[in-house]
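First up is the structure itself, then whatever we jot down about it.
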Amino acid sequence: MADDITADVLPSDNPSSADGYVGDPAVREEWDARYSERGQLWSGQPNGALVAEVRDLAPGRVLDVGCGEGADAIWLARAGWDVTALEVSGVALGRAAAHARDAGVSVRWVHAGLAEAALPPAAFDLVSAQYPALPRTPDAAAERALLAAVAPGGVLLLVHHAGMEEHHDPHESGFDPADYVWPSTVAALLGDDWRVEVDEERPRVIPDGGAGAHHSHDVVLRARRLR
């Protein structure tokens with residue numbers, strides 16, 4: 001596996017930039033700008049819901065969706081998982097790769113949007129999406145990409161901030177919950193090939209520092225693909 005940033009994805013019909021990014025350039029620019037505002041955006045600790053839900057799973061292949069600065073990916077790699085970590089921000093991936101080198105672990109970094117990445121189907125024993133900002137589209141492309149990536153017998157773990165799906169403030173610039181994927185929109189697509197193991201709101205394990213620390217509760221969806 002590579003320690004540097006690579007677009008380790010299958011060929012895609014979507015255009016790629018010169019640096020290998022696959023996806024919407026506007027989304028990449030938005031998140032690069034956000035990360036560039038601070039030397040460290042997140043706490044540097046793995047997300048509590050991930051730790052709680054994954055500690056009893058046998059390590060295998062995992063896809064970390066929206067890996068940010070790499071804390072979850074590094075924790076998973078240390079726990080024995082074969083990690084592929086996907087992120088739209090090149091700034092975040094640069095930090096993540098540096099943190100992984102410092103930690104002495106290997107992670108496969110993918111610079112792409114989820115819907116555009118053309119990931120191998122049914123290839124991951126765990127797909128983890130922790131508080132992702134996944135754009136919602138009429139064809140449910142992001143939701144279907146999450147489901148398609150899970151191998152038979154594997155687990156999808158989707159965690160988000162409780163209450164955000166109903167939060168709409170016309171004075172808050174640029175945020176409309178209808179524009180994003182939530183656990184409920186993914187759960188609505190689960191058919192007989194899936195078994196929901198967890199679908200609940202719970203108190204959040206709040207990290208010290210980092211953006212989002214003011215959120216007190218999580219919505220956790222954990223579903224297993226049966227076939």
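Note that the structure is predicted; figures quoted are calculated from it, not measured.
- Considering L126, L57, V198, L221 as possible partners of L157, the one that fulfils the side chain to side chain contact (heavy atoms under 4.5 Å, CB included) test is L126.
- The heavy-atom pair separating L190 from A223 by the smallest distance is CD1-CB, 3.9 Å.
- The side-chain heavy atoms of W75 and Q45, taken from C-beta on, include no pair separated by under 4.5 Å.
- Transitive grouping of hydrophobic side chains (ILVMFWY, heavy atoms separated by less than 4.5 Å) keeps V127 and L226 in distinct clusters.
- Counting heavy atoms from C-beta outward, D64 and L86 have side chains that stay 4.5 Å or more apart.
- When every heavy atom of G113 is checked against every heavy atom of V88, the shortest pair comes out as CA-CG1, 3.8 Å.
- Atom CH2 of residue W81 and atom CG of residue L76 lie 7.0 Å apart, to the nearest 0.5 angstrom.
- Considering every non-hydrogen atom in both Y180 and D176, the closest pair reads CD1-O, 3.5 Å.
- Looking at every heavy atom in both residues, D24 comes nearest to Y21 through O-OH, 3.0 Å.
- Other residues, nucleotides and ligands contribute at most 12 non-hydrogen atoms within 6.0 Å of the CG atom of D192.
- Expressed to the nearest 0.5 Å, how far CG of L50 lies from CG of D72 amounts to 4.5 Å.
- Atom NE2 of residue H160 and atom OG1 of residue T185 lie 9.0 Å apart, to the nearest 0.5 angstrom.
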Please tabulate, for the side chains in residues 139-156, all donor-acceptor contacts under 3.5 angstrom to protein atoms that are two or more places apart in sequence or on a different chain.
residue	atom	partner	partner atom	Å
D139	OD1	T137	OG1	2.5
D139	OD1	A141	N	3.3
R144	NE	D139	O	3.4

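- A side-chain N or O of S89 and one of D32 form a donor-acceptor pair less than 3.5 Å apart.
- For the atom pair CZ (R95) and NE2 (H99), the distance works out to 7.5 Å, reported to the nearest 0.5 Å.
- Residues P183 and L158 approach most closely at CA-CD2, 3.6 Å, considering heavy atoms.
- Rounding to the nearest 0.5 Å places CD of E197 at 4.5 Å from CZ of R224.
- Residue V159 forms a side chain to side chain contact (heavy atoms under 4.5 Å, CB included) with just one option from E53, Q130, R222, and that option is Q130.
- The side chain to side chain donor-acceptor pair (under 3.5 Å) search around E87 returns none, not counting sequence neighbours.
- Between W182 and P177, the shortest heavy-atom contact is NE1-O, 2.8 Å.
- Note that CG of D125 and CZ of R61 are 8.0 Å apart. Values are rounded to the nearest 0.5 Å.
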*asked:* salt bridge (Lys or Arg N to Asp or Glu O under 4.0 Å), that's the test. Do D193 and R227 meet it? Break it down for me.
replied: CA-CA 6 Å; D193 289 347; R227 51 188 177 273; 3.0 Å; yes

